[in-house]
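Structure first, then comments.
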Amino acid sequence: MGDPKAWNPNYGVVGSGDRRLAYSRQLSLSSPRPGLDRSDSSISMPVPYSPFPLHGGAPSNTDFRFRWLATRPMRRLALLLALNVAYSAVEFVVGLLTGRVGLVSDAFHLTFGCGLLSFSLFAMAASRTKPDSVYTYGYKRLEVLAAFTNALFLLFLSFSLAVEALHSFMQDESEHKHYLIVSAVTNLLVNLLGVWFFRSYARVNIVYRKAEDMNHHSICLHVLADSVRSAGLILASWFLSLGVENAEVLCLGIVSVAVFMLVLPLFKATGNILLQIAPGNVAPSAFIKCSRQITAYEDVSELCQGRFWELVPGHAVGCLSVQVKDGGDDQSVLKYVHGLYEDLGIQDLTIQTEES
């Protein structure tokens, strides 16, 4: 006798009674609601819309990967990076020739910041690359990762400024290095140019609708924090020249708190997405209500393993397993479940059905 089980080229041997099938929403031109497509033990992925024709005319992934200056924010960030690299190189050389340790230290700080901004530029370019067989969701999350890295650096900067303020309080302020004011003024002018470039993101709390919003916001906060730091050093030098006691401690302490308060909302938002928490724009009670409605459906015996998260801002993903009663209609269950979660804003939903 032949083996009654069928061979699936993607998943091996599948029995005829195996109902562990996956479904995904498909675009349909004939109905207002997307239709459903069923395939045995596999997910049928819809082809994303593209303004380019399917055969010819569309730029390749390689074209996107190396198109570094394709948008205005990328060109502006590249110019800002060039200015910062040139200034840090000059500051490093001058510090070595004059023996000024403060200048060399500040040059290393700027160089490290340039490295993070370079990663942000790379994320802008790479995120334009289309999904492939390895990165099936695409590269959009690189921008979230770049924003998280910038936020983490700024939190470390806030901590280091607090330590520097404590150190200044414990040492003699008469030894304050006033020559750093020239470095601070130049650095402030360069960073103010960057703040102007990304001025539309110069706010603490922003509603992130796309992954690039997070990246652009992190760049703006990065240069804004450097600007506040330079302004604090300038004020400290001026107050010291007027004979104000503990001026550097006060200025550095205020800058440390300001940087921390600026970056904390971004750090939380990017961290939540990387940890794949439930979409923030959907109330937990809404998911509970959907679960109860699905469980109460006549052909459903149990709902389990429901997971929902944000891939990037504005793109919610979900998957869940539904146990269908014997003789139940799979298609009606799937349409009902898809309709419920579509109303919640879950754009990418995968449902697995099992026989109870």
Side-chain angles (χ1 to χ4, degrees), residues 80-81 83-117 150-199 202-204 218-267:
L80 181 64
L81 272 170
L83 293 175
N84 273 284
V85 169
Y87 173 67
S88 62
V90 171
E91 189 176 36
F92 179 75
V93 172
V94 172
L96 286 180
L97 294 178
T98 60
R100 304 291 190 180
V101 179
L103 291 178
V104 175
S105 176
D106 191 61
F108 276 112
H109 166 79
L110 289 177
T111 302
F112 190 72
C114 288
L116 294 175
L117 292 179
N150 271 313
L152 191 62
F153 167 75
L154 292 178
L155 287 179
F156 175 77
L157 174 63
S158 172
F159 175 75
S160 66
L161 288 174
V163 173
E164 187 177 350
L166 180 61
H167 180 69
S168 298
F169 179 74
M170 298 174 63
Q171 73 175 5
D172 184 9
E173 286 196 332
S174 61
E175 298 179 358
H176 181 74
K177 302 176 179 60
H178 295 278
Y179 62 86
L180 285 177
I181 190 172
V182 178
S183 172
V185 170
T186 308
N187 194 23
L188 177 62
L189 294 177
V190 173
N191 284 314
L192 285 179
L193 178 64
V195 173
W196 183 79
F197 281 164
F198 295 92
R199 60 190 179 277
R203 301 189 300 274
V204 178
S218 72
I219 295 169
C220 182
L221 290 183
H222 187 124
V223 294
L224 183 61
D226 274 346
S227 300
V228 173
R229 172 177 171 268
S230 300
L233 292 175
I234 295 171
L235 286 177
S237 299
W238 182 53
F239 286 151
L240 285 174
S241 65
L242 296 177
V244 179
E245 296 183 357
N246 296 323
E248 186 176 11
V249 177
L250 178 62
C251 291
L252 289 178
I254 293 176
V255 170
S256 175
V257 174
V259 171
F260 181 83
M261 298 301 294
L262 279 173
V263 74
L264 189 59
L266 176 65
F267 179 76

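Contact annotation: the side chain of Leu189 never approaches that of Leu193 to less than 4.5 Å [non-hydrogen atoms, C-beta and beyond]. At a threshold of 4.5 Å between non-hydrogen side-chain atoms, the residues Leu262 and Leu154 do not count as touching. Within the 4.5 Å cutoff, the side chain of Val195 has heavy atoms near those of the Ser227 side chain.
For the atom pair SG (Cys251) and CG (Leu161), the distance works out to 11.5 Å, reported to the nearest 0.5 Å. Taken to the nearest 0.5 Å, the CG atom of Leu157 stands 11.5 Å off from the CG atom of Leu152. Atoms CG and CG, on Leu235 and Leu250 in that order, are 9.5 Å from each other to the nearest 0.5 Å. Rounding to the nearest 0.5 Å gives a distance of 8.0 Å between SG of Cys114 and CG of Leu80. Put simply, CD1 on Ile181 and CH2 on Trp238 are 10.5 Å apart, with the number rounded to the nearest 0.5 Å. We find the CZ-CG distance between Phe169 and Leu252 to be 13.5 Å, quoted to the nearest 0.5 Å.
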Practice item. Would you please test Asn150 and Leu221 for side chain to side chain contact (heavy atoms under 4.5 Å, CB included) and show each step? Key: CA-CA 9 Å; Asn150 271 313; Leu221 290 183; over 6 Å; no

Check your understanding: Hey, mind stepping through Val104 and Phe92 against side chain to side chain contact (heavy atoms under 4.5 Å, CB included) and telling me if it holds?
Key -> CA-CA 5 Å; Val104 175; Phe92 179 75; 3.8 Å; yes

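Between Phe112 and Phe153, the ring planes lie tilted relative to each other; the angle falls in the 30° to 60° range.
When atom types are taken as modelled, the side chain of Ser256 and the backbone of Gly253 share no donor-acceptor pair closer than 3.5 angstrom. Under a 3.5 Å cut-off, the side chain of Tyr87 and the backbone N or O of Ser183 do form a donor-acceptor pair. The backbone N or O of Asp226 lies less than 3.5 Å from no partner atom in the side chain of Arg229, so there is not a single donor-acceptor pair.
The local environment of CZ in Phe260 is sparse, with at most 12 non-hydrogen atoms from other residues, nucleotides or ligands closer than 6.0 Å.
Under the side chain to side chain contact (heavy atoms under 4.5 Å, CB included) rule, Asn191 has a single partner from Asn84, Thr186, Val228, which is Asn84.
Taking every heavy atom of both residues into account, Asn187 and Ser230 meet most closely at ND2-OG, 3.3 Å. Taking each heavy atom of Gly194 and Val223 in turn, the nearest pair found is C-CG2, 3.8 Å. Residue Ala184 comes nearest to Leu233 through the heavy atom pair CB-CB, 4.2 Å, listed as atom of the first residue, atom of the second, then distance.
Salt bridge status for Arg100 with Asp106: absent, with no side-chain N to carboxylate O gap under 4.0 Å.
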